[in-house]
Amino acid sequence: MAYLVGVTCLWAFSFSLIGVYLAGQVDSYFAVLTRVALATLLFLPMLRRVPWLVGAKLMMLGAVQLGLMYVFYYHSFLLLSVPEVLIFTILTPVYVTLIHDIMQSRFSYRYLVSAVLAVIGAAIIRYNGVGSEVLLGFLVVQGANVCFALGQVGYKVLLDRNKIDLPQRAVFGYLYIGAFIVASFSWMFFGNPDKLPTTGVQWTILSYLGLIASGLGYFLWNKGATLVDAGTLAIM
């Protein structure tokens with residue numbers, strides 16, 4: 001649980017950094033590509049061979065949890081204010097519990113109640129008023145929430161079912177490779193080369209987000225996810 005608490009504090013800075021210094025100024029697809037590429041480079045030296053099917057599943061989970069999630073997430077800042085993005089992320093605990101129950105072919109009433117309580121608590125903490133025309137932004141954030149929930153739960157279930165005789169840092173690079181593929185195609189087809197970073201501050205923030213928030217953060221978060229039950233994961 002210490003991993004999840006630490007990463008929660010680490011990620012707290014990301015919302016404002018993106019909303020203030022990157023959103024609307026730096027192409028969102030380039031920001032995603034840069035962030036994922038740096039995280040991939042960080043873990044490539046530690047990568048070790050695993051059975052091809054396990055590696056493929058890890059890459060698919062990374063493509064969803066990091067690749068697609070970031071595409072949705074960064075685009076939401078073009079539609080919403082930072083407080084609105086924050087308030088719309090609070091449904092993630094429900095997605096975590098429901099996806100976990102589907103993957104395990106069961107229904108846990110206790111986990112769902114815990115998730116709903118977490119949502120209510122987050123709503124009270126984060127509510128700061130929302131605009132009147134935010135439906136599209138809400139849907140985009142929910143896309144990010146579902147991708148984030150699916151990836152972390154899928155990673156937890158995959159490692160539970162496949163006993164890999166390697167430290168998690170030796171396999172986590174597969175997730176970033178999957179995310180990098182999605183980010184590369186997104187930039188190739190939808191990116192705007194006229195909106196690249198122009199200041200040292202923007203490059204510094206992208207470096208921080210890629211190496212620390214993404215590279216270190218997602219590894220520790222997913223590792224923490226494998227050490228707790230679904231209810232605790234949803235609450236965190």
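Just so you know, these numbers use all the heavy atoms, side chains as well, and skip hydrogens, waters and symmetry mates.
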Colleague: One pair to check against side chain to side chain contact (heavy atoms under 4.5 Å, CB included): Y73 and V85. What are the steps and the verdict?
Modeller: CA-CA 9 Å; Y73 175 61; V85 173; 4.2 Å; yes
Colleague: Just so I know, are the side chains of M60 and V64 near enough to count as touching, which here means a heavy-atom distance under 4.5 Å?
Modeller: no
Colleague: Looking at W11 and G217, would you say the former's side chain and the latter's main chain have a donor-acceptor pair under 3.5 Å?
Modeller: no
Colleague: Minimum heavy-atom separation for A170 to L166, with atom names?
Modeller: CB-CB, 4.3 Å
Colleague: I'd like to check the ring-ring contact (aromatic ring centres under 6.0 Å, His included) partners of F43; sequence neighbours left out, ordered by chain and number.
Modeller: F172, Y176, F219
Colleague: Angle between ring planes, F185 versus F189, binned at 30° and 60°: parallel, tilted or perpendicular?
Modeller: parallel
Colleague: Could you list the residues that satisfy side chain to side chain donor-acceptor pair (under 3.5 Å) with Y21, not counting sequence neighbours?
Modeller: none
Colleague: Check the angle between the aromatic planes of F148 and W221 and answer parallel, tilted or perpendicular using the 30° and 60° thresholds.
Modeller: tilted
Colleague: Using only heavy-atom distances, determine whether the side chains of Y70 and S214 contain a donor-acceptor pair under 3.5 Å.
Modeller: yes
Colleague: Hey, which of V141, L139, I18 is the one that makes side-chain contact (heavy atoms from CB on, under 4.5 Å) with S76?
Modeller: V141
Colleague: Looking at OG1 of T34 and CH2 of W187, how far apart are the two atoms once the value is rounded to the nearest 0.5 Å?
Modeller: 8.5 Å
Colleague: Please determine whether the number of non-hydrogen atoms from other residues, nucleotides or ligands lying under 6.0 Å from atom CZ of F30 exceeds 12.
Modeller: yes
Colleague: Look at the aromatic rings of F15 and F77 and report parallel, tilted or perpendicular, splitting at 30° and 60°.
Modeller: tilted
Colleague: Between CG of L206 and CG of L38, what distance do you get to the nearest 0.5 Å?
Modeller: 8.0 Å
Colleague: To the nearest 0.5 Å, what is the distance between OG1 (T226) and CG (D160)?
Modeller: 7.5 Å
Colleague: Side chains of M103 and K156, heavy atoms from C-beta outward: is any pair under 4.5 Å?
Modeller: no
Colleague: Could you walk me through whether Y95 and V153 pass the side chain to side chain contact (heavy atoms under 4.5 Å, CB included) test, one step at a time?
Modeller: CA-CA 10 Å; Y95 301 142; V153 173; over 6 Å; no
Colleague: Before you tell me yes or no, could you show the steps for Y3 and V228 under side chain to side chain contact (heavy atoms under 4.5 Å, CB included), namely the whole-Å CA-CA distance, both residues' side-chain angles and the distance that decides it to 0.1 Å?
Modeller: CA-CA 10 Å; Y3 290 113; V228 299; over 6 Å; no
Colleague: When rounded to the nearest 0.5 angstrom, what distance separates CG in L10 from CG in L216?
Modeller: 6.5 Å
Colleague: Considering non-hydrogen atoms only, spot the tightest contact between Q152 and A225 and give its length.
Modeller: O-CB, 4.4 Å
Colleague: So how far is it from Q202 CD to Q25 CD, rounded to the nearest 0.5 Å?
Modeller: 5.5 Å
Colleague: Short question: side chain of N192, backbone of D194 - any donor-acceptor pair under 3.5 Å?
Modeller: yes
Colleague: Who are the side chain to side chain contact (heavy atoms under 4.5 Å, CB included) partners of R49, not counting sequence neighbours?
Modeller: none
Colleague: Might you work through the side chain to side chain contact (heavy atoms under 4.5 Å, CB included) test for Y155 and Q168, ending with a clear yes or no?
Modeller: CA-CA 11 Å; Y155 181 81; Q168 291 189 40; 2.7 Å; yes
Colleague: Do Y218 and Q65 get their side chains close enough for a donor-acceptor pair, meaning under 3.5 Å?
Modeller: no
Colleague: Work out which heavy atom in A213 is nearest to a heavy atom in R35; give both atom names and the distance.
Modeller: CB-NH2, 3.6 Å
Colleague: Can you confirm whether L61 sits close enough to N222 that some side-chain heavy atom of one is under 4.5 Å from a side-chain heavy atom of the other?
Modeller: no
Colleague: Could you give the distance from CG (D27) to CG (L78), rounded to the nearest 0.5 Å?
Modeller: 9.0 Å
